[in-house]
Amino acid sequence: MDYFLELFLGGLTRGSIYALIALGYTMVYGIIQLINFAHGEIYMIGAFVALIVAGILTIYGFAGISVLVLAAIAAIIWACAYGYTLEKIAYRPLRGAPRLSPLISAIGMSIFLQNYVLLAQTSDFLPFPNLIPDFEFMEPVAHIIGSPELVILITTFVTMILLTLLIKKTKVGKAMRATQQDMSMARLVGINVDRIISLTFIIGSALAAIGGVLVASYIGQVNFYIGFLAGVKAFTAAVLGGIGSIPGAVLGGLVLGWTESFAAGYVSSDYEDVFAFGLLVLILILRPAGILGKARKQKV
Amino acid sequence: MAEKHKLLEVKGLTMDFGGLRAVDSVSLEVHEGEIAALIGPNGAGKTTFFNCVTGIYNPTKGDILLHPKGLPTRRLNGLKPNKVTEMGLARTFQNIRLFSDMTVLENVMIGRHCRTSAGIFRSIIRDKSVRREEQEIVESSYQLLKKVGLAEFANEFAKNLPYGAQRRLEIARAMATEPFLLLLDEPAAGMNPQETAELDQLICRISEEERIAILLIEHDMKLVMNISNPIYVMEYGKKIAEGSPQEIKDNPKVIEAYLGEETEEDA
Amino acid sequence: MLKDFKQSILISIWFVFLTFPLMAVRVNTTEQMVEWRWMTILWVAIGSFVLSYAWRYFLAKKQLKKKDDEEGGKHSKLQLLMEDMNFRYKAMGVLLVLALVFPLVFDTYQNTIMISALIYVVLGLGLNISVGLAGLLDLGYVAFFAVGAYSYALLNYHFDLGFWTILPVGGILGCLFGVVLGFPILRLRGDYLAIVTLGFGMIIKVVLENWSSFSFGPSGIANIDKPGLFGMDMNIDSSTIYIYYIMIALVVFTILITNRLKNSRIGRAWIALREDEIACVAMGIDMARTKLSAYALGAFWAGMVGVLFAAKTTFINPASFTFMESAIILSIVVLGGMGSILGVILGAFILILLPEYLRAFSEYRMLAFGAAMVLMMIFRPQGIISGIRTKYEYKELKEETDNG
Ligand SMILES: Nc1ncnc2c1ncn2[C@@H]1O[C@H](COP(=O)(O)OP(=O)(O)O)[C@@H](O)[C@H]1O
Ligand SMILES: [Mg+2]
């Protein structure tokens with residue numbers, strides 16, 4: 001039973017990270033119908049910036065949770081800046097271009113950013129400082145769930161609540177929902193659509209950066225390539241839940257996390273990725289709209 | 001007058017989008033030699049009706065029956081669009097959907113696809129029969145371009161044509177599939193009066209010379225009243241009237257719903 | 001002027017900020033050292049300043065060109081030259097002769113490089129069928145390449161079957177894989193298709209890595225036979241030359257066939273599908289079948305050239321079949337010109353040979369590929385050479401020109 005619980009919580013942790021990244025995909029896709037292939041790279045850059053800032057701070061004598069918080073803030077700031085710039089350079093000039101053009105541009109950006117980090121930093125795995133302390137109150141359940149997992153779960157939970165509030169309750173959120181429904185209509189009623197799109201990228205990037213910092217301090221190492229697989233997995237989660245749907249992204253993330261965790265625990269960890277992609281293929285074939293997505297007919 | 005052969009028979013067609021009923025039990029018939037028209041205000045569900053008939057959407061309820069001459073009746077519900085086209089029912093689109101990076105001639109040649117047969121292996125070997133077929137495709141497509149008055153643009157890119165010409169190219173492309181019934185979705189939209197008049201003639205010519213029955217959606221009342229009979233009127237997804245142009249003009253429901261002052265001016 | 005200058009300064013500052021943590025700092029946590037690299041930041045500042053000018057210039061030029069196109073459309077000189085049939089035949093003749101004498105002039109090292117460029121030419125032409133012509137973005141194309149390579153390696157290892165027997169078998173197996181994988185997924189919309197094919201590419205790699213009893217795992221398969229020629233013994237040099245000529249033949253074969261297909265009823269249907277799926281089905285084209293044929297045919301070439309790859313390297317392992325390979329092949333197609341055979345060939349030579357000969361530059365190769373993909377999409381989506389439209393001859397036209 002403990003083993004099951006451990007896998008369950010492991011899957012939950014993993015899944016909540018996927019969900020964080022998946023939200024960025026889903027929000028962007030909802031508005032401009034683009035798979036932002038470079039989203040995983042934003043996550044990776046977030047982790048890298050956190051590593052660098054944390055490194056500088058520890059070398060200059062800071063320690064403990066304050067380092068984590070400062071590093072996370074820096075990661076968010078720079079990830080947002082990258083997300084914003086990415087949209088401006090690689091996607092905005094391609095509005096109205098054939099559908100594959102921005103997608104290819106996105107793939108190009110993904111490759112570019114990976115190699116940019118590789119050249120600017122290193123191709124090695126860098127050790128990420130262990131910033132999350134072991135809480136004493138976690139002692140009795142430590143064999144099932146550790147302190148880092150707890151921090152991840154709480155952070156993602158809070159982040160998602162905040163995001164929901166932002167989208168449901170604020171004026172900006174309303175404008176985002178309007179733009180997602182019908183871009184030209186939103187423009188007609190005076191919403192600055194370009195601004196909303198930029199904002200969507202920024203919010204998505206912030207979420208990815210949070211995910212990046214959490215994963216990096218959990219796994220303990222960072223490398224230029226971590227964004228790729230995480231990105232593809234998170235996209236799988238987004239599709240699984242129904243792309244364009246925010247609760248869908250969360251649900252999809254969790255389902256994917258559990259699938260991987262249980263498959264690795266009970267079958268074989270070698271084929272973890274095969275299960276993830278198998279799930280994706282299956283969902284797309286059987287229910288292309290995803291678990292929570294609505295099948296939308298294309299207007300002709 | 002002998003009873004004309006019934007080509008298309010739609011019974012109680014209904015199409016829902018989520019909660020929205022875009023087409024609500026509409027029935028309609030098109031007979032041989034007719035130019036029928038489907039009119040109604042924007043959003044009435046006319047295009048959706050076309051999409052259901054041509055297999056782009058699968059209707060929620062109702063029957064779409066095709067009675068090709070000399071062949072057994074076929075129910076079109078749930079058939080793929082290409083099957084519907086193969087059966088002899090072709091269409092144009094309200095929002096022009098040409099293959100914009102192909103030439104004008106090639107656009108029409110695509111229409112010949114379902115009437116020709118060369119597969120991968122024969123295309124690779126390219127024997128005599130394939131070459132002959134290719135030449136036939138080119139010639140017949142060119143003839144169609146001449147018919148719609150676009151021959152001089154044959155080697156232009158479709159996207160470089162003026163708007164009115166693009167609409168005519170859509171008609172030529174649809175005719176290349178050898179239909180016996182042609183569905184035209186707002187063929188005159190965006191045309192100036194002169195172009196509209198030419199289109200008017202073109203549609204009549206297609207009907208008479210090619211013996212193709214036509215069902216058209218149109219906003220231009222003058223065009224509709226000039227050439228079509230019968231006329232069906234839709235509003236909010238429902239059919240509210242049908243009949244000859246005169247009957248439609250005099251129908252109070254139609255006047256209220258749609259025509260309003262316009263008919264009085266015309267009359 | 002001043003406005004541009006101000007904007008460029010702002011952009012430059014923005015990029016300095018953006019790249020600062022990654023470009024200026026390098027921390028070494030084990031030795032507790034921070035390395036500050038101020039010079040790189042200076043370069044970023046200058047570089048982004050200059051590039052912002054170029055960016056504006058090209059964007060403005062693109063806008064102008066768009067207008068031009070709408071008013072009738074002009075073609076670049078290169079494009080016009082390429083459309084001149086006479087020139088094309090002559091050029092092809094010259095190229096073929098050059099290709100044939102190449103190994104007689106250059107050494108084995110050069111030949112090996114050329115062979116790999118030619119392999120990418122075939123891969124590019126194959127992928128061009130699905131991506132360039134039919135518009136099916138396939139991000140797992142390398143999987144079919146792997147199928148071909150492993151079929152030769154395994155059949156050669158277990159049954160001692162020779163290169164020439166397996167060459168068509170590899171192609172057919174690739175094709176079969178294409179059909180089996182493509183059948184369920186080709187209904188998907190373009191971007192979903194891209195992700196699923198990416199997934200397939202990864203699954204195949206994971207399986208090859210882990211299913212050791214079948215594929216010998218990450219250590220791969222060594223001592224694969226080179227292609228034989230009537231049982232002759234060949235040293236490295238002559239066998240390289242032999243493979244080179246096989247490769248040339250394969251390229252010519254590929255060009256002939258893809259060219260025929262492109263200008264056929266099937267090829268037109270592929271292009272129409274790329275342009276507008278809904279109009280395409282409404283014109284009576286069977287979408288599933290047309291897509292499947294493009295996808296499977298693309299896979300055929302990958303499978304076939306995979307066999308040759310295994311025979312050339314005599315050693316394969318899963319590391320040769322990563323997503324990066326798929327990305328390289330894709331950028332060949334994108335850069336060269338989607339749908340254009342000549343463009344793809346040119347693209348393959350540029351992308352494979354340039355980093356090979358500019359060794360100093362080769363570190364930056366993937367960086368440049370990525371940037372090129374973005375820039376091409378924005379400034380020249382049709383690629384270096386766009387697909388050339390066939391001019392069809394109809395009777396009327398001939399009569400007109402005869403009279404006039
Ligand atoms: N694919 C679709 N999904 C949802 N609603 C649709 C779709 N297509 C059409 N509609 C709705 O159906 C109604 C009828 O539209 P349409 O058939 O295009 O009208 P018309 O052609 O008469 O102007 C409109 O309210 C439109 O918004
Ligand atoms: Mg309409």
Side-chain angles (χ1 to χ4, degrees), chain A residues 33-35 45 48-49 51-53 55-56 58-59 74 78 81-82 85 89-90 93-94 97-105 107-122 126-127 129 228 232 235-236 239 268 270-271 273-274 276-278 280-281 284-285 288 298 300, chain C residues 14-15 17-23 25-30 32-34 40 55 59 62 131 135 137 139 184-185 187-192 194-196 198-200 202-203 206-207 209-210 274 278 323-324 327 330-331 334 363-367 369-378 381:
Chain A
Q33 280 80 49
L34 163 75
I35 298 176
I45 285 175
F48 247 101
V49 169
L51 170 81
I52 288 166
V53 172
I56 297 175
T58 31
I59 287 169
W78 263 284
Y82 272 93
T85 314
I89 291 182
L94 291 172
R99 222 180 139 96
L100 284 189
S101 302
L103 186 57
I104 291 173
S105 180
I107 294 167
M109 259 303 169
S110 163
I111 297 172
F112 179 85
L113 287 174
Q114 271 176 36
N115 286 277
Y116 155 70
V117 174
L118 164 74
L119 291 168
Q121 295 286 318
T122 170
L126 293 178
F228 183 71
V232 177
F235 178 76
T236 305
V239 172
S268 154
D270 290 342
Y271 289 100
D273 296 346
V274 174
F277 288 120
L280 173 71
V281 173
L284 283 178
I285 293 168
Q298 193 187 348
V300 177
Chain C
W14 174 253
F15 273 93
F17 163 74
L18 198 63
T19 55
F20 189 81
L22 287 163
M23 297 283 272
V25 192
R26 199 184 258 155
V27 278
N28 189 332
T29 35
T30 40
Q32 297 284 307
M33 260 175 34
V34 186
T40 45
W55 181 266
L59 221 50
K62 184 186 160 196
V131 178
L137 190 52
L139 297 180
I185 64 170
R187 278 176 313 158
L188 299 175
R189 254 200 337 252
D191 35 13
Y192 280 12
I195 294 292
V196 173
L198 175 73
F200 273 144
M202 292 186 150
I203 288 177
V206 173
V207 169
E209 271 170 359
N210 291 302
R274 175 187 81 189
I278 288 178
F323 169 70
M324 275 308 134
L330 180 66
S331 34
V334 170
E363 249 184 89
Y364 296 92
R365 157 174 142 142
M366 288 314 290
L367 190 79
F369 283 8
M373 277 163 90
V374 178
L375 294 177
M376 275 320 234
M377 280 302 114
I378 296 174

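Below, chain A is the first sequence line, B the second, and so on; all start at residue 1. Below, each value reflects all heavy atoms present in this structure, side chains not excepted, and no hydrogens, waters or symmetry copies.
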How far does [atom1] of [X] sit from [atom2] of [Y], to the nearest 0.5 angstrom?
X	Y	atom1	atom2	value
C:Tyr192	A:Ile285	OH	CD1	13.5 Å
C:Leu137	A:Ile35	CG	CD1	9.0 Å
A:Asp273	C:Glu209	CG	CD	9.5 Å
A:Thr85	C:Trp14	OG1	CH2	5.0 Å
C:Leu375	A:Phe112	CG	CZ	9.0 Å

With a 4.5 angstrom heavy-atom cut-off, could you sort out which part of [X] is near chain C: side chain, backbone, both or neither?
X	result
A:Ile89	both
A:Ile52	both
A:Phe235	side chain
A:Ile59	both
A:Val117	side chain

So for [X], is it side chain, backbone, both, or neither that comes closer than 4.5 Å to the heavy atoms of chain A?
X	result
C:Met376	neither
C:Arg187	side chain
C:Met202	side chain

Legend entry - Backbone N/O of C:Val25 and side chain of A:Gln121: donor-acceptor pair under 3.5 Å: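 Yes.
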
Inset, instruction - Using modelled atom types only, decide if a donor and an acceptor are shared between the side chain of A:Tyr82 and the backbone of C:Leu18 within a distance under 3.5 Å. - result: yes

Inset, instruction - Please lay out, stage by stage, how A:Val239 and C:Ile195 fare under the test side-chain contact (heavy atoms from CB on, under 4.5 Å). - result: CA-CA 10 Å; A:Val239 172; C:Ile195 294 292; 5.9 Å; no

So which of [options] has the biggest tally of heavy-atom pairs under 4.5 Å with chain A?
options	answer
C:Thr19, C:Leu330, C:Leu22	C:Leu22
C:Met373, C:Met377, C:Arg26	C:Met377
C:Ile278, C:Thr40, C:Leu59	C:Ile278
C:Ala372, C:Pro21, C:Ala327	C:Pro21
C:Asn28, C:Val34, C:Ile378	C:Ile378
C:Ile203, C:Val131, C:Val207	C:Ile203

So, for [X] and [Y], which heavy atoms are closest and what is the spacing to 0.1 Å?
X	Y	value
A:Pro93	C:Trp55	CG-CZ2, 4.1 Å
C:Glu363	A:Leu119	OE1-CD2, 3.5 Å
C:Gly135	A:Leu100	O-CD1, 3.4 Å
A:Leu103	C:Ala194	CD2-CB, 4.0 Å
A:Leu51	C:Val27	O-CG2, 4.4 Å
A:Ala120	C:Met23	CB-SD, 3.6 Å

Legend entry - Largest heavy-atom contact set with chain C, pairs under 4.5 Å, which of A:Leu126, A:Leu280, A:Leu34, A:Leu284: A:Leu284

Inset, instruction - Name the member of A:Ser101, A:Gly108, A:Ser268 that forms the most heavy-atom pairs with chain C at distances under 4.5 Å. - result: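 Ranked by heavy-atom pairs under 4.5 Å with chain C, first place is A:Gly108.
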
Inset, instruction - Please state whether the rings of A:Trp78 and C:Phe17 are parallel, tilted or perpendicular, taking 30° and 60° as the class boundaries. - result: parallel

